[in-house]
A.B. asks: 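I am attaching a structure below and will ask some questions about it afterwards.
To find a chain, count down the sequence lines: A is the first, B the second, and so on, and within it residues start at 1. Computed from a predicted model, the values in this text were never measured in an experiment.
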Number of protein chains: 2
Amino acid sequence: MSPRSEEQNEAIKDERREQILSGALRVFARKGFAAAKISDIVSRSGVSHGLVYHYFDSKEEIFFELLKRAIDTSSETLLMVDGMPISPLEKVRQTAQYILRGIGEFEESAYYFLIVIHASVMEGPKHYQDKYLEASTALTTMADILAEGQKTGEIRPGDTLQMSTVFFSAIQGLAMYKLAMADFEVPDPEILVNIVRK
Amino acid sequence: MSPRSEEQNEAIKDERREQILSGALRVFARKGFAAAKISDIVSRSGVSHGLVYHYFDSKEEIFFELLKRAIDTSSETLLMVDGMPISPLEKVRQTAQYILRGIGEFEESAYYFLIVIHASVMEGPKHYQDKYLEASTALTTMADILAEGQKTGEIRPGDTLQMSTVFFSAIQGLAMYKLAMADFEVPDPEILVNIVRK
DNA sequence: GTCTATATCCAGATAGAC
DNA sequence: GTCTATCTGGATATAGAC
């Protein structure tokens, strides 16, 4: 038997973990936390039942890892756009374009939105909700951008938090339509921009 | 023992059914079909475990009844608005006002939206999806209204089905925010109107 | 019409072989 | 590192008393 190096073992471990998470993403998104069965994840990811529990302590831990990724990614996206040297309206446009492209091109992207929805709306372990609160920073970040845009006159007058909420509501809703309807086509990002544009 | 009349028995049966459905609505909305336990419904509705199965054949039948009500109600609402002798833009405004008021005032209303989401996005019995397809008539009905409005110049140019999809996406998303956030306040309906208004 | 008690099945998690 | 076999709890649904 040829012994494997530490690095090789680490690489294998990472690969298996990702393999499991990738299958679990689809299963959790489509079924929700409680309805998702370990056996579903096993089928999707092609590993054995026992191996899942070798890499994760519980079903809950797998879900939480996915939730973490979903929220971290969306926060980073918004901070990235906010840091660009462009006008407020253009920031809104970039956000809409970026997210909608993701939903259209990668099914994974829509699944991550569903994970957040499950964690936030559905009853479950309390720390899901806690983690979710971090996601609401997106709402206020966008509201701040809109307020700037009101000063420059690019953005409609009105309650910026409400506008921000409608903007993200539409995005979440679109992610769901994408998964619900087979022939769904991603709408023109400009329709989202129209929510706030003067 | 004083015998009860047929009518009284019927009234009791109806009342119990509604009692069960009312509790089940909240449970299914918050947990999804698979995660909802009969014992949850029992706690919420205040009847015994056995009685639930006296009035319904299965958990599935309860869910389906709720789904039916959700979809029938939303179809009727849209047809009602469409039948009003008002301009296309005004029809959009009435729809937004009516639905948002419902979401704001009655928690029940937001729950029904969640029921539809569960049925459409989550994996489950196939006939849920079939039933759900009826709900998509709302999308096309609204698209038709928008097309009329484009002729009269009240509505923005562009793909009307896409605009209709964004409009309803936002509504669905708002229903979720309502249930996810404790301090949620319903936004001004005019923000939704702005999606399509020229 | 309503309840409690129980049968049956299936899921999450563990143990231990290879 | 990976697998199969098994334990154990809990859920749906049923049976039958009141």
Side-chain angles (χ1 to χ4, degrees), chain A residues 1-24 26-28 30-66 118 122-125 128, chain B residues 1-24 26-28 30-66 118 122-125 128:
Chain A
M1 259 173 79
S2 61
R4 279 186 297 235
S5 71
E6 276 300 311
E7 294 85 34
Q8 282 173 320
N9 274 338
E10 283 301 313
I12 288 178
K13 283 174 74 167
D14 270 10
E15 195 187 326
R16 289 285 165 277
R17 258 184 81 93
E18 291 306 314
Q19 206 175 331
I20 293 166
L21 284 169
S22 165
R26 202 218 172 261
V27 174
F28 279 128
R30 282 285 186 190
K31 300 202 157 193
F33 174 72
K37 289 175 281 190
I38 298 292
S39 62
D40 295 327
I41 298 175
V42 164
S43 312
R44 281 270 155 200
S45 60
V47 302
S48 76
H49 193 114
L51 201 65
V52 172
Y53 281 94
H54 180 70
Y55 284 107
F56 297 91
D57 284 343
S58 64
K59 194 171 90 163
E60 197 175 317
E61 193 192 310
I62 305 174
F63 185 86
F64 196 67
E65 171 65 27
L66 291 171
H118 287 308
M122 317 257 297
E123 280 172 8
Y128 288 178
Chain B
M1 261 171 79
S2 62
R4 279 187 298 236
S5 71
E6 276 300 311
E7 293 86 36
Q8 282 173 321
N9 274 337
E10 283 301 313
I12 287 177
K13 284 174 72 168
D14 270 11
E15 195 188 324
R16 289 286 165 278
R17 258 184 82 94
E18 291 307 315
Q19 205 175 332
I20 293 166
L21 285 169
S22 166
R26 201 218 173 261
V27 174
F28 279 128
R30 283 284 185 191
K31 301 201 156 191
F33 174 72
K37 290 175 282 190
I38 297 292
S39 62
D40 295 327
I41 298 175
V42 164
S43 313
R44 281 270 155 200
S45 60
V47 301
S48 77
H49 195 116
L51 201 66
V52 172
Y53 282 95
H54 180 70
Y55 284 108
F56 297 92
D57 284 343
S58 64
K59 193 170 90 163
E60 197 175 317
E61 194 193 310
I62 305 175
F63 185 86
F64 196 66
E65 171 66 26
L66 291 170
H118 287 309
M122 318 256 297
E123 280 171 9
Y128 288 179

A.B. asks: To the nearest angstrom, how far is B:E15 atom CD from C:dT2 atom P?
C.D. replies: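 Rounded to the whole Å, the gap is 9 Å.
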A.B. asks: Does any pair with a residue in residues 47-56 of chain B pass side-chain hydrogen bond (donor to acceptor under 3.5 Å, both in side chains), and if so which ones, sequence neighbours excluded?
C.D. replies: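 Not a single pair qualifies under side-chain hydrogen bond (donor to acceptor under 3.5 Å, both in side chains).
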A.B. asks: Write down the distance between CD1 (B:I41) and P (D:dA13), rounded to a whole number of angstrom.
C.D. replies: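 Roughly 10 Å, once rounded to whole Å.
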A.B. asks: What distance separates B:E18 CD from B:L21 CG, expressed to the nearest 0.5 Å?
C.D. replies: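 Result: 5.5 Å between the selected atoms.
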A.B. asks: Can a donor-acceptor pair be found, under 3.5 Å and without considering hydrogens, that links the side chain of A:K31 to the backbone of A:D40?
C.D. replies: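 Here the side-chain-to-backbone pair does not exist.
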A.B. asks: Anything under 30° is parallel, anything over 60° is perpendicular, the rest tilted; go ahead and classify A:F63 against A:F33.
C.D. replies: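 Rings of A:F63 and A:F33: perpendicular, as their planes differ by over 60°.
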A.B. asks: Need one value for A:Y55: base, sugar-phosphate or nothing, where a base atom within 4.0 Å counts as base even if backbone is also close, heavy atoms only.
C.D. replies: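 It contacts sugar-phosphate atoms only.
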A.B. asks: Spell out protein contact along nucleotides 3-14 of chain C as letters: B when the base is contacted, S when just the sugar-phosphate is, - when no protein heavy atom is under 4.0 Å; keep the 5' to 3' order.
C.D. replies: BB------SSBB
A.B. asks: Listed by chain and number, what are the side chain to side chain contact (heavy atoms under 4.5 Å, CB included) partners of A:R30, not counting sequence neighbours?
C.D. replies: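 Here the qualifying residues are A:R26, A:Y111, A:L179, B:E123.
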A.B. asks: Tell me whether the side-chain N/O atoms of A:R16 come closer than 4.0 Å to OP1 or OP2 in D:dG1.
C.D. replies: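 Checking D:dG1 against A:R16, no side-chain N or O comes under 4.0 Å of OP1 or OP2.
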A.B. asks: Between atom NZ of B:K37 and atom OG of B:S43, what is the distance when rounded to the nearest 0.5 Å?
C.D. replies: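 It is 9.0 Å, given to the nearest 0.5 Å.
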